[in-house]
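Chain letters run A, B, ... following the sequence lines, proteins first, then strands; residues in each count from 1.
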Amino acid sequence: MDDFATRLLAWYDLHGRHDLPWQRDATPYHVWLSEIMLQQTQVATVIPYYERFTSRFPDIQTLAAAEADDVLHHWSGLGYYARARNLHKAAKMLVADFSGTFPADVEALQSLPGIGRSTAGAILSTALGGRAAILDGNVKRVLARFHAVEGWPGKNAVASRLWELAESHTPDCRVADYTQGIMDLGATLCTRSKPDCPRCPMADDCAALALGRQGEFPGRKPRKVIPTRTTSFVIAHTPKGELLLERRQPSGIWGGLWCFPEVDDDAGAIRYCEETLAVDVARTMALPTLRHSFSHYHLEISPLLLTLSKTPALIREGQELRCWPAEKAPAVGLAAPVKRLWEQAAEAIQNSGTGEDL
DNA sequence: AACCCGGGGCA
DNA sequence: TGCCCAGGGTT
């Protein structure tokens, strides 16, 4: 075991995190689920989702047998919904092809959707007793600093170098503790901003610290200007007090989730009601515009609440439409802004019932 | 407003 | 192999 691993393990025993929800009963299922949720998402955000998800889907068989809408519902607000679709698909594959148990090798794990090299390494080393390196965001930061690895880890050459280093430091024993420890170090001391070097067990040999350049590693992603797109949402309100949603395409933004029908502008919203839903619009009310940011563009959403003169027939060629009572957002997959808008619309409807005109 | 984050998919 | 895509939270 190299000195890096020795010191890291000693630090982990004293100062690492030992009480995360998925550490309580570190089954492969629990570790897998946590690792998928932790992709692109911080621990504090994940915890409440993890708790809700595991109480609804306590084991892989329950997950494999569940409805996609139910799975997406429990993912709503967490983002990157492809993760949930891949998770569900992988659960079905594990039950069908591996009798519900996880294969204990990196290759087989990586053949499952949503599991790449790092996630496979984490599952194998943390829950299956194997030896494999991981390279998540925390580990990249620790290694890039310790070895002063220049460049942005999104570049292949930089990532390859970091993987080499990750492999070389991974010990032969106590791999689970080492893996958790290096993630904990990155999450608690070797943080992106204001790293706590005085408390760091690696400080003596940290190349970035020696150079006084901790803040410069890992190298930043080259950034570019991102455009703003505008869109309008049709919030159709039926005489029964229901709101209408449409299921989105399985791929792309908010894939497979339910969303208010999307049109170009207010005129398009009226046209949508009259032509697609084939009902007249009694009243309209604009709700406040909201801005939602993606990594590659900003979306400016103009929501228009439209009171329909009668309930529309919902049989449409090639699309899925459904109405739910406005009082409560339905238990299906909803993107964060859609959920927020649903609540705003419900409030606006309630207020209009107490005398205020739409 | 800038920045961060693993993996899938496609040219 | 090298981009592009995707959604939240944090700073």
side-chain N/O A:His298 vs B:dA1 OP1/OP2, d < 4.0 Å: no
How about A:Trp258 and A:Trp324: are their ring centroids closer than 6.0 Å? yes
Minimum-distance nucleotide to A:Arg291 side chain [options: C:dG8, B:dA1, B:dG7]: B:dA1
Between C:dC5 atom P and A:Tyr80 atom OH, what is the distance in whole Å? 12 Å
So A:Ile36, base contact, sugar-phosphate only, or nothing? Heavy-atom distance under 4.0 Å. nothing
Nearest-Å distance for atom pair NZ/C1', residues A:Lys194 and B:dC3: 15 Å
Looking at every strand, decide which applies to A:Ser118 at a 4.0 Å heavy-atom threshold: base, sugar-phosphate, or nothing. sugar-phosphate
How is A:Gly154 classified with respect to the nucleic acid when contacts are heavy atoms under 4.0 Å: base, sugar-phosphate, or nothing? nothing
To the side chain of A:Asn156, which of B:dG6, C:dT1, C:dG8 is closest? C:dT1
Rounded to the nearest Å, what distance is computed from the CG atom of residue A:Leu38 to the C1' atom of nucleotide B:dC4? 14 Å
Mind checking if A:Ile226 touches a base, just sugar-phosphate, or nothing, with heavy atoms under 4.0 Å? nothing
Any donor-acceptor N/O pair under 3.5 Å between B:dG6 base and A:Gln40 side chain: yes
Evaluate the side-chain proximity of A:Thr41 to A:Arg83: yes if any heavy-atom separation is below 4.5 Å, no if none is. yes
Aromatic plane relationship, A:Trp254 with A:Phe294 - under 30° parallel, 30 to 60° tilted, over 60° perpendicular: tilted
Tell me: CZ of A:Phe294 to P of B:dA2, nearest whole Å? 18 Å
Would you say A:Glu347 has more than 12 foreign heavy atoms packed within less than 6.0 Å of its CD? no
Output yes when at least one side-chain N/O atom of A:Thr119 is less than 4.0 Å from OP1 or OP2 of B:dG7, else no. yes
Is it true that A:Arg174 and A:Asp13 make a salt bridge, defined as a side-chain N closer than 4.0 Å to a carboxylate O? yes
When rounded to whole Å, the CD1 to C1' distance for the pair A:Ile115 and B:dG6 reads 12 Å
Check whether any side-chain nitrogen or oxygen of A:Tyr81 sits under 4.0 Å from OP1 or OP2 of C:dG8, and answer yes or no. yes
Does B:dC4 have OP1 or OP2 under 4.0 Å away from a side-chain N or O of A:Arg220? yes
Give the rounded distance in Å between these two atoms: CZ of A:Arg141 and P of B:dC3. 15 Å
Could you tell me the separation between the CG atom of A:Leu109 and the C1' atom of B:dG7, rounded to a whole number of Å? 15 Å
Expressed as a whole number of angstroms, how long is the span from A:Arg145:CZ to B:dC4:P? 10 Å
Ignoring the backbone of A:Pro337, work out which of C:dG9, C:dT1, C:dG8 is nearest its side chain. C:dG8
Nearest-nucleotide comparison on DNA chain C, the residue closer to the 5′ end among A:Ala44 and A:Lys155: A:Lys155
Looking only at the aromatic ring of each residue, does the gap between the centers of A:Phe217 and A:His147 stay below 6.0 angstrom? no
Map A:Leu112 and A:Gln42 onto DNA chain B by nearest heavy atom, then report which one ends up closer to the 5' terminus. A:Gln42
Return the nearest nucleotide to the side chain of A:Arg192; candidates are B:dA1, B:dG6, B:dC3. B:dC3
Counting the atoms with a prime plus P, OP1 and OP2 as sugar-phosphate, which does A:Arg83 contact under 4.0 Å by heavy atoms, base, sugar-phosphate, or nothing? nothing
